[in-house]
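Structure first, then comments.
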Amino acid sequence: MKQHIADLIDSALATLIANGTLPADIQTNVMVENTRDKTHGDFASNIALTLAKPARQNPRQLAQALLDALPASTQLAKTEIAGPGFINFYMKADVANQVVAAILSAGHEYGRQPANSAGRVQVEFVSANPTGPLHVGHGRGAAYGATVSDLLEAAGVQVEREYYVNDAGRQMNILATSVWLRYLENGGESFAFPSNGYKGAYIHDIAADLRARLGDTLHHSSAIVFSDIPADEPAGGDKEVHIDALIERCRALLGDDGYEQVFSAGLDSILSDIRDDLGGFGVQYQQWFSERSLTHTGDVDSALNKLQEKGYLFEEEGNLWFRSTDFGDDKDRVVRRANGQTTYFASDIAYHMNKFERGFDKVVNIWGADHHGYITRVKAALEAMGYDPERLVVRLVQFAILYRGQERVQMSTRSGSFVTLRELREEVGNDACRFFYVTRKSEQHMDFDLELAKSESKDNPIYYIQYAHARVCSVLRKLDEASWSWDQAAGLANLGLLDTEHEKDLITKLGKYPEVLQGSALNYEPHVLANYLRELANDFHSYYNAHKMLIDDADLRNARVTLSTAVRQILANGLQLLGVSAPEQM
RNA sequence: GCGCCCGUAGCUCAAUCGGAUAGAGCAACGGCCUUCUAAGCCGUAGGUUGCGGGUUCGAUUCCUGCCGGGCGUACCA
C-alpha cells in the first residue's frame, strides 16, 4: 500500500515537472509513512514540505497541485492536505479488510519472508566463559540473541547461531586448579582454599565425579601441593601470585595428561550444563566454536601472518604488537607476549578472520556492554586483514539489574553467591524471562523485577498478552459448546459489517504486523515487536469488552469471530518469535 | 584525563533512521461484573524531553558546550 501511494505521488511529480510547476532538475525522495494519529488518515507523505524550499513554493499550495495531478486509485477513499503541508491518505475499508483474509490464509507463515531469501548472517551470542553456570546477566544476552536470530530468520535471513567457547586462558586454568583442590579435599586433604579460586558448589560436584571416575590417581598430599607456594591474600600475600603458583604446581604434579583430565572434567561438565540450561530456555545453536581449536588449526598463526604480510605488526621489548592505531584505536595492542604466548586478542583476531572466511553476508556479535572497548580493535584487525569492517555488526547488551521486591540482588560468579539463570527460570518461568529480557532496548540499562515477572495479574505484560490469545480460544470453545455456528468464509465476506472504532483500529493494527516484524528484525530491536503485541492485546481486550461476539446475527457473528481469529493468529506468531508460549487457556 | 552508552510523567520504559497535539504500563484518583474469563474494560490527573546555544518550515531525534549516571581505557579472559 505504501508503495502504491509512493507510485501515485511519483506520477503526480512527473506531471508537475512536465507542465513546468516544478523545475526539471529537482531532487525528489518520496516518503510515505504510517500516521501516528488516525485523524491524519492511514498514511501520510511530507513530500510537499521537503520540496517547498527547492521549488520556492508554499508547501500547502504545492500539496494541492500534487493532489490535482494525482492519478485516480481504486484503493483510496480520500486524500487531504493537513497541517503545514502534509498529504494524508485514507484507505478504502474493503482494502484494509483484506488483511484479515491474508492472515488466516497464511497462518503461521504470515508476516514472514520466504526462507533464505535475504542473505546469510551469523549471530554470535552469550559466549560466556565456561567457568560456571550462566547467571542472570547472561540471560539477557541469551534471550536477546535468540530472539534477534529468530526475527532475522522470519525476515528471510539464513541464520547461523554460534557460541564462542572461551576454553583457553588463565581463568580456565584457575578453574581446573579449583576442581583439583576440591578433589584433594574430597580425598581427605585439608588446607585453605585459595581466595581467588572458584568456590561454587558445582566445583565440588565436578571434583566428586572426577574421584568417582578416576579414584585417587590424581591425588597428592597437601603438604607437597602447598610447599613453597607464596602466601594467599588473607595471609598477607598476593592472591594472584598465589593462584598462579598453584596452577603451576598442579601442572607439574599431574603432568600434561593428568592436567588435561582435570581441565576437561571442568570444561565438559560446565559446558554441558550451559548447553542444557540454554536448551531449556529455548535457545539453540548451530555451532559451538572452541577458542582452543583456533590454536590447533593454526588459525591464530595464519591470522598473525596475514597481519605481518600487510605490515601491521612490529616487535618491541620482545612483544609482538598490532599497530591498531592506524585504524583509529587509542593504542597499539600486544598479540604475542615475549614468552611466546599469544594473547586473547590474537585469538579474537583469528576467530573473526575465521568467521569472515566462512562467507557470511553479515557477522553479528552480541556482547555484554563491558566489551565495548573491543569493537574498535577488532574492526581494526579486520580492516588490516583486508575485510570490510562494516560487515561486522556489534550489538551491546547492558546488564540487567535484578530486584527482589525493592531489594537489589548482588551477583558475583567467583564467590558462588550469584543468582543463576536456571534459578531465575525456575522461579519466574521461561515465558516471563524471555519476554522481560527483550522488552527493553538492548543498550538500555534494565531493572528486572522478580516480583513483577512472577505476578499473575495485569501488572505483568506477558500474562496480559497471553490472556488475549487465550480469550479468543475461549470464545471458540463457547461457540462449540453453545448452539452457535461459525463460518469463516461467511465471516470474511461480511467484514464490511465491522464498522465500529474498535474494529477499525484492530484491523489497522493487524495490517502493520509485517512491517513491525521486518523493522524489528533488521534493526535488531525485539522490543518493538514486544510493544506491538502489548498494543494489539490492549486493542483486543478493549474490543472484547465493548462488543459481544456470540450474538444471534449470524453475519455479524461470523465477521467478529473471524476478525478475532486473525488477532489470535498474529498474537501466536509474534509470541512464538519472542520464544513465549501462546496458551489456549489460562 | 580520554573514549563509548545513557538522561523523557512520581516509578519502569516507548516514540516507526528530522514530522503534526511526546505515548504506554505501573502507582494515584473516579467509574464498570444477572452478560463470550473482572487474569479484563472506561475515565481523570500527571511533561520547559538534564541545562544552554546552534542547524530549519519543524528537533526527544542532528551539531556544540556544560551537568549527572554507567561502562571501558590490560603483556586478564
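Convention: sequence-line order gives letters A, B, ...; per-chain numbering from 1. This one's a predicted model, so the numbers in the text were calculated from it and none came from an experiment. Computed over heavy atoms, backbone and side chain alike; hydrogens, waters and symmetry mates excluded.
Put simply, A:R377 has no side-chain N or O that comes within less than 4.0 Å of OP1 or OP2 on B:G3. For the OP1/OP2 pair of B:C41 and a distance below 4.0 Å, the side-chain nitrogens and oxygens of A:Y464 include at least one atom meeting the criterion. Between A:T376 and the phosphate of B:C4, there is no side-chain N or O to OP1/OP2 separation shorter than 4.0 Å.
For the pair A:D505 and A:K509, the salt-bridge criterion is not met [side-chain N within less than 4.0 Å of a carboxylate O]. Taking a cutoff of 4.0 Å between a charged side-chain nitrogen and a carboxylate oxygen, A:K379 and A:E390 do not qualify as a salt bridge. Contact check on A:E503 versus A:R560 returns a salt bridge, with a Lys/Arg side-chain nitrogen under 4.0 Å from an Asp/Glu carboxylate oxygen. Using a 4.0 Å cut-off between charged side-chain N and carboxylate O, A:D244 and A:R170 make a salt bridge. Between A:E515 and A:K512 there is no salt bridge, since none of the side-chain N atoms of the basic residue sits less than 4.0 Å from a carboxylate O of the acidic one.
In the model, A:T376 has no side-chain atom that pairs as donor or acceptor with a side-chain atom of A:D329 under 3.5 Å. Side-chain contact check for A:W486 and A:T562: at least one donor-acceptor pair (N or O, by modelled atom type) lies under 3.5 Å. Side-chain contact of A:T131 with A:N129: a donor-acceptor pair under 3.5 Å is absent, judged by distance alone.
Comparing B:G18 with B:G58, their C1' atoms sit 8 Å apart, to the nearest whole Å. Between the P atoms of B:U49 and B:G7, the separation comes to 14 Å (whole Å). Comparing B:U48 with B:A9, their C1' atoms sit 13 Å apart, to the nearest whole Å. When the C1' atom is used for both B:C62 and B:C17, the distance is 12 Å, rounded to whole Å. Rounded to whole Å, the separation between the C1' atoms of B:U61 and B:G1 comes to 30 Å. A distance of about 14 Å separates the C1' atoms of B:U8 and B:C51, rounded to the whole Å. For the P atom pair drawn from B:A59 and B:G19, the interatomic distance equals 11 Å after rounding to whole Å. Spacing of C1' atoms, B:A28 relative to B:G70, comes out at 31 Å, to the nearest Å.
At a cut-off of 3.5 angstrom, the base of B:G3 holds at least one donor-acceptor pair with the side chain of A:H372. In terms of polar N and O atoms assigned as donor or acceptor, the side chain of A:N319 comes within less than 3.5 Å of the base of B:C75 in a complementary pairing. In terms of polar N and O atoms assigned as donor or acceptor, the side chain of A:N88 comes within less than 3.5 Å of the base of B:A20 in a complementary pairing. Side-chain N/O atoms of A:Y164 and base N/O atoms of B:A77 include no donor-acceptor pair closer than 3.5 Å.
Applying the 90° cutoff around 0 to the glycosidic angle, B:C33 is assigned syn.
For RNA chain B, if you chain together Watson-Crick or G-U pairs that step i with j, i+1 with j-1 and so on, the runs of at least three with distances under 3.5 Å are B:1-5 with B:69-73, B:10-13 with B:23-26, B:28-32 with B:40-44, B:50-54 with B:62-66.
Counting non-hydrogen atoms under 4.0 angstrom, A:D37 reaches nothing in the nucleic acid. Among the heavy atoms of the strands lying under 4.0 Å from A:A82 is at least one base atom, whether or not backbone atoms are also near. Within the 4.0 angstrom heavy-atom criterion, no nucleotide atom of any strand lies near A:Q466. Residue A:A52 is out of contact with every strand shown, counting any heavy-atom pair closer than 4.0 Å. The residue A:H547 sits close to a base: some heavy atom pair falls under 4.0 Å. Residue-level contact check: A:S542 touches the backbone only, with heavy atoms under 4.0 Å from sugar-phosphate atoms and none from bases. A:A44 comes within 4.0 angstrom of a nucleotide base, judged by non-hydrogen atoms across all strands. In this structure, A:F345 reaches neither bases nor backbone, as no heavy-atom distance under 4.0 Å exists between it and the strands shown.
Checked against side chain to side chain contact (heavy atoms under 4.5 Å, CB included), A:Q113 has the following partners two or more places apart in sequence or in another chain: A:S117, A:Q518. Partners of A:N173 by side-chain hydrogen bond (donor to acceptor under 3.5 Å, both in side chains), not counting sequence neighbours, listed by chain and number: A:Y259. Applying the side-chain hydrogen bond (donor to acceptor under 3.5 Å, both in side chains) rule to A:E80 yields the partners A:N88, A:Y90; only residues at least two apart in sequence or on another chain are considered.
To the nearest angstrom, C1' of B:C26 lies 11 Å from CZ of A:F436. Rounded to an integer number of Å, the gap from A:L320 CG to B:C75 P is 14 Å. Atom CG in A:D329 sits about 13 Å away from atom C1' in B:A74, given to the nearest Å. Atoms CD (A:E317) and C1' (B:C75) sit 10 Å apart, rounded to a whole Å. When rounded to the nearest whole Å, the span between CG of A:L51 and P of B:U56 equals 18 Å. Between the NE2 atom of A:H371 and the C1' atom of B:G3 there is a distance of 17 Å, given to the nearest Å. Counting to the nearest Å, the C1' atom of B:U55 and the NZ atom of A:K53 are 10 Å from each other. Atom P of nucleotide B:C41 and atom CG of A:D539 are separated by 11 Å, given to the nearest angstrom.
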Check nucleotides 29-35 of chain B for protein N or O atoms closer than 3.5 Å to its own N or O atoms and list the pairs.
unit_1 : atom_1 : unit_2 : atom_2 : d
B:U35  : O2'    : A:K548 : NZ     : 2.7

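Two residues are said to be in side-chain contact when any heavy atoms from C-beta on lie closer than 4.5 Å; A:F540 and A:R471 meet this criterion.
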task: Starting from the C-alpha separation in whole Å, work towards a yes-or-no answer on ring-ring contact (aromatic ring centres under 6.0 Å, His included) for A:H371 and A:Y374.
output: CA-CA 6 Å; A:H371 281 66; A:Y374 296 86; 5.4 Å; yes
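Judged purely by atom type and a 3.5 angstrom limit, A:N558 uses its side chain to pair as donor or acceptor with the backbone of A:D487.
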field: Contact state string [nucleotides 10-19 of chain B, B base, S sugar-phosphate only, - no protein heavy atom under 4.0 Å]
entry: --SSSSB--B
